[in-house]
Visitor: 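Below you will find the structure I want to go over with you.
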2 protein chains.
Amino acid sequence: MVAPKVEDYLKSIYRLQDRDTPAMTAEVAAAMGVKPPTVTAMLQRMADDGLVHYQRYQGARLTERGEKGALKVLRNHRLLELFLTEELGYDWAEVHDEADVLEHHLSVTLVERIEVLLGSPAVDPHGEPIPTADLEIRECETQQSLAECQEGTVAVVSEVRESSADVLSYLANSGISLGTELEVVETAPFGMITCEVRTTEKPLSLPTDVAAEIYVSRPAEPAENERRQYNEA
Amino acid sequence: MVAPKVEDYLKSIYRLQDRDTPAMTAEVAAAMGVKPPTVTAMLQRMADDGLVHYQRYQGARLTERGEKGALKVLRNHRLLELFLTEELGYDWAEVHDEADVLEHHLSVTLVERIEVLLGSPAVDPHGEPIPTADLEIRECETQQSLAECQEGTVAVVSEVRESSADVLSYLANSGISLGTELEVVETAPFGMITCEVRTTEKPLSLPTDVAAEIYVSRPAEPAENERRQYNEA
DNA sequence: GCTTTTGTTTAGACGTATCTAAATCATGTT
DNA sequence: AACATGATTTAGATACGTCTAAACAAAAGC
């Protein structure tokens, strides 16, 4: 089995690698909160173990096995997050740190039982998709980042990614949760976007980097033939 | 904070040490499934950290701090066992291994929430007392080991300690659970005790070492002034 | 009381995960 | 094309948790 630390590296690399660009040493080091030499040593061992493709100075890319490992941890993490909110009264700002620790220590049996208890949910409390037991993940294609929306766009929040507890709390206090309807009222030229939150009727201004982590999809109301305007803008 | 491995050593020493006899190196090694030199090294580090009193060749004894550490882990373990049975459908034979891993990775917050959810329970699924949040443990004084009962004793099962999953499953299949009423019908001279299980009306024979882990108390029915006969036999 | 046995400790080693300091590679600039 | 800059890797160290083999202490046996 894969050690807890290795699982953390798998997660980081999974998030950092891109179709064309591998995860670079410095990026992984920053994500993991360690120094670059530590990452180099780790990547070398992980390459020996067949978890990543690694060539020195060229960064790392997950192998098939490495990706499965990453998805297993992601599955545990997201099921835990939902479990903690549903069964133990956590709110979406609190769950992340707890899940980050526990995700490495769940037996297969326990994960299964949690999944059954929750009714095989599709997404976690942040709207992120939960990999299935056979480690398939279905990315939602009908959503876009709030940062990419133009003025006038009306959309509902469908996912809030990788944000700190502070930011998540702030958003919750501002009336933002999954399903909240927003209208983009202004995009300022200095990296700020302002929307109106439908539930509170209040405007909310966010820096682009925060908005970039908020994903939205077109509202449920419009009929099939009206969708296009939000997707192809 | 105390490392997971150290917590496991604390647990072992807690179980092994006695009022007058400290936990000896070989005992700890057997309990932990490691070789004696490993234990020696660990005890030396733990002594440096103020967790045990240790003098070479004389075994180890928990300090105040060490005992608090052990009780914290015990508390986590037992709350988890109960949580897993109550909320996730585990039975008493399955919970131990899962709890043994998770017990080291619960935040204070999570433990509190589990305890609240369970309604501040006094005992775990095996009847073992759960240390309170301020790490006090109240050993039950009104119970005795089944192995020490004489023929004719009628008593109810109040605790089943430190048994393997196999043994626990066997006992459950034999109708033994917390609250089951037993009558000791025979104590054989070769280390075996036979009782009749009241719920199944069937006799059950157990080797003394298994019976020694089953604790019983006098039945609930008798009035206050009749108790004595069971306690002072 | 000496010796054997048993249990314990020391010595030396290895794998994991980390660090700092120094060497090396890759690249963008001039 | 040479150089300077920045990222990456190597080298060497430390802490943890484990091992085997060898030295040593304590208890038991004669």
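Each chain gets a letter, A, B and so on, in the order its sequence line appears, and its residues count up from 1.
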Visitor: Would you tabulate the side-chain donor-acceptor contacts of residues 18-31 of chain A under 3.5 Å, counting partners in other chains and residues two or more places apart, or write 'none'?
Guide:
from, atom 1, to, atom 2, distance (Å)
A:Glu27, OE1, A:Met24, N, 2.9

Visitor: Does any residue of residues 48-62 of chain B have a heavy atom under 4.0 Å from DNA chain D, and if so, which ones, in number order?
Guide: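 When residues 48-62 of chain B is checked for heavy atoms under 4.0 Å from DNA chain D, the hits, listed by number, are B:Tyr57.
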
Visitor: Under the side chain to side chain donor-acceptor pair (under 3.5 Å) test, which residues partner A:Ser169, sequence neighbours left out?
Guide: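 Counting only residues at least two positions away or on another chain, A:Ser169 forms no side chain to side chain donor-acceptor pair (under 3.5 Å).
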
Visitor: Quick one: list whatever passes side chain to side chain donor-acceptor pair (under 3.5 Å) with A:Thr109, sequence neighbours left out.
Guide: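 Expected list: none.
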
Visitor: Within the structure, does a side-chain N or O atom of B:Thr38 lie under 4.0 Å from either OP1 or OP2 of D:dC19?
Guide: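 Answer is yes, contact under 4.0 Å.
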
Visitor: If you compare all heavy atoms of B:Ile13 against all heavy atoms of B:Val52, which two are closest, and at what distance to 0.1 Å?
Guide: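 Looks like CD1-CG1, 4.0 Å.
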
Visitor: Less than 3.5 Å apart, any donor N or O on the side chain of A:Ser158 or A:Gln143 sitting next to an acceptor on the other?
Guide: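 Present: a donor and an acceptor within the cut-off.
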
Visitor: Should the pair A:Phe83 and B:Phe83 be assigned to parallel (<30°), tilted (30 to 60°) or perpendicular (>60°) ring geometry?
Guide: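 Perpendicular: the ring planes of A:Phe83 and B:Phe83 meet at over 60°.
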
Visitor: Are B:Arg113 and A:Glu94 ion-paired here, with the side-chain N under 4.0 Å from a carboxylate O?
Guide: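 Looking at B:Arg113 and A:Glu94, the cut-off is met.
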
Visitor: Could you check which of D:dT10, C:dC19, C:dT9 has an atom nearest any side-chain atom of A:Gln44?
Guide: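 Among D:dT10, C:dC19, C:dT9, the one nearest the side chain of A:Gln44 is D:dT10.
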
Visitor: What are the two closest heavy atoms between B:Leu118 and B:Leu79, and how far apart are they?
Guide: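 That closest heavy-atom pairing would be CD1-O, 3.7 Å.
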
Visitor: Run the side-chain contact (heavy atoms from CB on, under 4.5 Å) test against A:Arg56 and tell me which residues pass, sequence neighbours left out.
Guide: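 Residues passing side-chain contact (heavy atoms from CB on, under 4.5 Å) with A:Arg56: A:Tyr54.
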
Visitor: Residues two or more places apart in sequence or in another chain: which of them pass ring pair (Phe, Tyr, Trp, His ring centres under 6.0 Å) with B:His104?
Guide: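 Here no residue qualifies.
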
Visitor: Round to the nearest Å and state the distance from A:Leu43 atom CG to C:dT18 atom P.
Guide: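 After rounding, the gap between these two atoms is 12 Å.
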
Visitor: Excluding sequence neighbours, so at least two apart, what forms side chain to side chain donor-acceptor pair (under 3.5 Å) with B:Thr132?
Guide: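 Checked B:Thr132 against side chain to side chain donor-acceptor pair (under 3.5 Å); matches are B:Asp134.
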
Visitor: Which residues, if any, of residues 4-33 of chain B bring a heavy atom under 4.0 Å of DNA chain C?
Guide: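 Residues of residues 4-33 of chain B that come under 4.0 Å of DNA chain C are, in numerical order, B:Met24, B:Thr25, B:Ala26.
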
Visitor: Find the distance A:His104:NE2 to C:dT16:C1' and express it as a whole number of Å.
Guide: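 Value for this atom pair: 15 Å.
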
Visitor: Can you run down the side chain to side chain donor-acceptor pair (under 3.5 Å) pairs that involve residues 59-85 of chain A, sequence neighbours left out, and say none if there aren't any?
Guide: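 Every pair satisfying side chain to side chain donor-acceptor pair (under 3.5 Å) with a residue in residues 59-85 of chain A: A:Glu7-A:Lys72, A:Arg75-A:Glu115, A:His77-A:Glu81, A:His77-A:His96, A:His77-A:Asp100, A:His77-A:Glu103, A:Glu81-A:His96, A:Glu81-A:His126.
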
Visitor: Polar atoms only, N or O, under 3.5 Å: list the protein pairs with nucleotides 3-5 of chain D and their distances.
Guide:
none

Visitor: Are any of B:Lys35's side-chain N or O atoms less than 4.0 Å away from OP1 or OP2 of D:dT20?
Guide: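 The answer is yes; a side-chain N or O of B:Lys35 sits under 4.0 Å from OP1 or OP2.
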
Visitor: What N/O pairs connect the protein and nucleotides 11-14 of chain D at under 3.5 Å? Give each pair on its own line.
Guide:
none

Visitor: List in chain and number order the residues that pass side-chain contact (heavy atoms from CB on, under 4.5 Å) with A:Thr208, two or more places apart in sequence or in another chain; answer none if no residue qualifies.
Guide: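 Expected list: A:Ala147.
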
